[in-house]
Amino acid sequence: MSRFEPLPREFYQRSALQLARLCIGQLLVSELHGELLVSRIVEAEAYAGVRDSACHGFGGRRTARNESMFGPPGHAYVFLIYGLHFHLNLVAAKESDPSAVLLRAVEPIVGEAPMRARRRYPKDRRIVTNGPGKLCQAYGIDRSVDGIDLCHPPLYLAQGTRPRHIGRSPRIGIDYAGDWAQKPYRFFDASSSFVSSMR
DNA sequence: TGAATGATTTACT
DNA sequence: GTAAATCATTCAA
């Protein structure tokens, strides 16, 4: 079944900034619900540890919610936002350093039908996975995925292909973060039509 | 114990 | 364009 080889733990052992950039073009593979889902990552943001005022681990504040961020790299950090939507992060760097990469948008490659079904059949296929809450709904990812190891099935990244050009911009929806809100910590595939368009 | 608040999405005017 | 939905978590008292 596994036509895809999980990327090794070493892939995640770098700064969130580097990891976010390297994630663009990689594949997100899931067998969480018995069906194979594969998508190409086209948008991601870096949350860079205790000094980053937009990061949930800011100031070393360790709580039940963000515990996974402080764990070893190569694991998932999933949280609920606005009481409605889940966000999927890849834990980066090293243990006790709360750095992570938020996956914001992907392009379905395998299993688009079940993804569309979970998203209640949107008209435009881009609406299936072009936002952080949307891709989690499409994949059926919830808080039960928080903390799982991403170096083996049922959820992992696999080698993809590098996009021709990677765009950068400030992160979305963190205006409260002062100076850190200006930093270009968002990366995306400039040629993809699945990049989120909010705000 | 209680009030405020989001790393958003969707529907509606 | 604006606003509602909706709740775990956080912080103040």
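Below, all heavy atoms of this structure are taken into account, side chains as well, without hydrogens, waters or symmetry copies. We name chains A, B, ... by the order of the sequence lines, and we start the count at 1 in each one.
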Query raised in the report: Taking only residues two or more places apart in sequence, or in another chain, which ones meet A/Ser169 in a side chain to side chain donor-acceptor pair (under 3.5 Å)?
Result: A/Arg186
Please tabulate the protein-to-nucleotide N/O contacts below 3.5 Å involving nucleotides 6-13 of chain C, giving atom names and distances.
unit_1: C/dT6; atom_1: O2; unit_2: A/Tyr82; atom_2: O; d: 2.6
unit_1: C/dT10; atom_1: OP1; unit_2: A/Thr63; atom_2: OG1; d: 2.4
unit_1: C/dC11; atom_1: OP1; unit_2: A/Arg61; atom_2: NE; d: 3.3

Report task. Please tell me which of the listed nucleotides, B/dT8, B/dA7, B/dT10, lies nearest to the side chain of A/Arg119? Result -> B/dT10
Report summary line: Scanning both residues in full, the closest heavy-atom pair of A/Gly49 with A/Asp97 reads CA-OD1, 4.0 Å
**Report entry** Stacking of A/Phe79 on B/dA7 base (centres under 5.5 Å, planes under 30°)
**Finding:** no
Query raised in the report: Would you say A/Asp124 has more than 12 foreign heavy atoms packed within less than 6.0 Å of its CG?
Result: yes
Query - Residues that A/Arg9 engages under salt bridge (charged side-chain N to carboxylate O under 4.0 Å, His left out), provided they are two or more places apart - result: A/Asp149
Report task. For the residue pair A/Tyr185 and A/Ile174, establish whether any side-chain heavy-atom pair is separated by less than 4.5 Å. Result -> no
Requested in this report: Note every stem involving DNA chain C: at least three consecutive Watson-Crick or G-U wobble pairs, i with j then i+1 with j-1, with both distances under 3.5 Å.
Outcome: B:1-6 with C:7-12, B:8-12 with C:1-5
**Report entry** Residues that A/Arg168 engages under side chain to side chain donor-acceptor pair (under 3.5 Å), provided they are two or more places apart
**Finding:** none
**Report entry** A/Asn130 CG - B/dT9 C1' separation (whole Å)
**Finding:** 10 Å
Query raised in the report: So what does A/Arg120 hit on the nucleic acid, given a heavy-atom distance under 4.0 Å: a base, only sugar-phosphate, or nothing?
Result: nothing
Query raised in the report: To the nearest Å, how far apart are A/Ile127 CD1 and B/dT9 C1'?
Result: 10 Å
Query raised in the report: Near DNA chain B, under 4.0 Å by heavy atom, which residues of residues 85-100 of chain A?
Result: A/His85, A/His87, A/Asn89
**Report entry** Nearest-Å distance for atom pair CZ/C1', residues A/Phe58 and B/dA7
**Finding:** 15 Å
Query raised in the report: Is any side-chain N of the basic residue among A/Arg118 and A/Glu35 closer than 4.0 Å to the acidic one's carboxylate O?
Result: yes
Report task. Please list all pairs passing the salt bridge (Lys or Arg N to Asp or Glu O under 4.0 Å) test where one or both residues lie in residues 106-115 of chain A, with sequence neighbours left out. Result -> A/Glu112-A/Arg125
Filtered N/O pairs between nucleotides 3-5 of chain B and protein, under 3.5 Å:
none

Requested in this report: Quick one: which residue pairs count as a salt bridge (Lys or Arg N to Asp or Glu O under 4.0 Å) with a foot in residues 50-66 of chain A, not counting sequence neighbours?
Outcome: A/Asp52-A/Arg171, A/Arg62-A/Glu67
**Report entry** Nearest-Å distance for atom pair CZ/C1', residues A/Arg104 and B/dT9
**Finding:** 12 Å
Query raised in the report: Does A/Ser96 have any side chain to side chain donor-acceptor pair (under 3.5 Å) partners at least two apart in sequence or in another chain, and if so, which?
Result: none
Query raised in the report: So how far is it from A/Phe187 CZ to A/Leu19 CG, rounded to the nearest 0.5 Å?
Result: 10.0 Å
Query - Any residue of residues 18-26 of chain A with a heavy atom less than 4.0 Å from an atom of DNA chain B - result: none
Query - A/Leu135 vs A/Ser39, side chain to side chain contact (heavy atoms under 4.5 Å, CB included): CA-CA, chis, key distance, verdict - result: CA-CA 10 Å; A/Leu135 76 89; A/Ser39 297; over 6 Å; no
Query - Which residues share a side chain to side chain donor-acceptor pair (under 3.5 Å) with A/Ser144, sequence neighbours left out - result: A/Asp142
Query raised in the report: For A/Tyr176, does the OH atom sit with more than 12 other heavy atoms under 6.0 Å from it, leaving out its own atoms?
Result: yes
**Report entry** A/Asp124 CG - B/dT9 C1' separation (whole Å)
**Finding:** 15 Å
Report task. Nearest whole angstrom, please: distance from the P of B/dA7 to the CE of A/Met69. Result -> 11 Å
